[in-house]
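Each remark here refers to the structure printed beneath this line.
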Protein chains: 2
Amino acid sequence: MPPAPTGRFHRDCQQCELRMRGMFCNLNAETLLNYESIGTQSAYRKGVKLFEEETPCTGVFVLCTGRVKLSCTSREGKTLLLRIAVPGDVLGLGAVISGSRYEVTAETLEPTSLKSIRRDEFLAFLNRYGDASLRSAQALSKEYRSAFFDARRLALSDSAAGRLAGVLLDWGKAASIGKAEMRFAMALTHEELANLIGTSRETVTRVLGRFKKENLIRINGSSVLIVNSSKLEQMAA
Amino acid sequence: MPPAPTGRFHRDCQQCELRMRGMFCNLNAETLLNYESIGTQSAYRKGVKLFEEETPCTGVFVLCTGRVKLSCTSREGKTLLLRIAVPGDVLGLGAVISGSRYEVTAETLEPTSLKSIRRDEFLAFLNRYGDASLRSAQALSKEYRSAFFDARRLALSDSAAGRLAGVLLDWGKAASIGKAEMRFAMALTHEELANLIGTSRETVTRVLGRFKKENLIRINGSSVLIVNSSKLEQMAA
DNA sequence: AGAAATCTGTGATGGAGATCACCAAGTTAG
DNA sequence: CTAACTTGGTGATCTCCATCACAGATTTCT
């Protein structure tokens, strides 16, 4: 069962600033009207698990504010960090559409507000509104692509340094569109970074140190500046 | 551009034995009728590349007969084998829906017949028919899940033996639903298996040898019998 | 059938990185 | 304001497995 929310409020999707970006805000008028009538809006504290891997799927969560960590864990306690969801993302979509259990664990990283829609209610909505189905397909496709590129990175880049270079470049590029320098705020600890690229915490520390010493990157607190992107690109392969 | 087909024929989807299994055969009457009117049916020889990673996406391919290998390769020549597509599968769906380049390479493993549908034609079809959109979302979700589980396996199972145990169990289970013993036909070479689980050919040979010696599996030609599934399950973790 | 190519099996060697064991520096909590 | 965690940094060791190098076995081609 979903955890108890710590608050509740309604927000008009017509006015939502995510209207053009979020998956379920940019729908045609009639669909949007119906979308607003389903599900419930609620708020959660930091550190709450919205759902856990292997548990039966109850529905989807559309993130409005706050960030949510998506990860999964093996029986031995090894963790794979998949991504940090941001406002506009839809969580649990794959499980709902494929009719299976949640495959990941979703945990809030900060106070969060979101809209939760029960499985059957959401599927009925998709059945009735074709444009919403298409949007879901696109959202899934986006998620699929990112999972695919993660798998690709894990499999094809044999060194931990190469994989780390890859994610640094990804973030640098994403944060510096149209800007001169590639700088971004590192939101993860070394431990989380290690879980993301499938290595150990110590290796992340060492490799980052090496990158700094070789003047490929520069780090100030949480701010990371990419100095030599071509060299990183080259080792990311 | 798509390769030239070696043959061409039409097959009535109403009569298709994949009707209930294939993603685009099990549609309602009106949608199915339109589906039949779009795209072209054609045949290919063994060893033909339907499309290659990084190339602009031209459309989707719905596989009717034959098997197709989906893989991708790093600049250094390391290959990741994703899966072997079988009749009923839709290839290139993710690229078409997300409007990006093909992310994998698709190569026929045997003589193959399939239906190809141009990108714009296919998207127009999805836009008009909501049930087809929903099916696409489901197909993508299935692909997404399998990519996810691959990534999970690569990241969370640290030993090559563990990952190999995992895929053997997956195949054994899939092939032995409702049967007493877990037996299946191994369709891949050691090299391909190695590419699938991110290890070297030699390691696959050695680990399979170890599994045989420890009486966990038995191999006769291409037939693999899983003898001690719980032990394998345990090391797959 | 015979040749060419691909696939399988096995030893030896080296290196990347997991793991363990600390310590220092920040952060949170009581 | 300490105490208790969590994070970051670094050395030493040890294990798994990638890689190289062949040799036999099978399949495919002509």
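Numbers restart at 1 for each chain; the letters A, B, ... are given by sequence-line order, proteins then strands. As a basis for the values below, the full set of heavy atoms in this structure was taken, side chains included, without hydrogen atoms, waters or symmetry mates.
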note: B:His190, atom NE2; C:dT6, atom C1'; distance rounded to Å ~ 13 Å
Using the C1' atoms of five pairs at each end, what's the angle between the two axes of the helix from C:dA1-D:dT30 to C:dG30-D:dC1, to 10 degrees?
60°
Given C:dG9, D:dA18, D:dA12, which nucleotide is nearest the side-chain atoms of B:Thr205?
C:dG9
Of A:Leu216, A:Asn220, A:Asn215, which is the lone residue that meets side-chain contact (heavy atoms from CB on, under 4.5 Å) with A:Arg218?
A:Asn215
Among residues 156-164 of chain A, which contact DNA chain C at a heavy-atom distance under 4.0 Å?
A:Asp158, A:Ser159, A:Ala160
Parallel, tilted or perpendicular: rings of B:Tyr102 and B:Phe51 (30°, 60°)
parallel
CZ of B:Arg206 versus C1' of C:dA12: gap in Å, rounded?
10 Å
Tell me, which pairs form a side-chain hydrogen bond (donor to acceptor under 3.5 Å, both in side chains) where one or both residues lie in residues 175-187 of chain B, sequence neighbours left out?
B:Glu181-B:Arg183, B:Arg183-B:Ser223
Which letter, B, S or -, goes with each nucleotide of nucleotides 25-30 of chain D from 5' to 3', with contact meaning a protein heavy atom under 4.0 Å?
------
So which of B:Arg67, B:Arg45, B:Lys46, B:Lys69 actually passes salt bridge (charged side-chain N to carboxylate O under 4.0 Å, His left out) with B:Glu110?
B:Arg67
Residue A:Thr199, side-chain heavy atoms: nucleotide from D:dT7, D:dA18, C:dG17 that is nearest:
C:dG17
If only atom types and distance count, is the side chain of A:Arg101 paired as donor or acceptor with the main-chain N or O of A:Glu54 below 3.5 Å?
yes
Mark up nucleotides 21-30 of chain C, 5' to 3', with B wherever a protein heavy atom is under 4.0 angstrom from a base atom, S wherever such an atom reaches only the sugar-phosphate, and - elsewhere.
----------
Those residues of residues 207-226 of chain A lying under 4.0 Å from DNA chain C by at least one heavy atom:
none
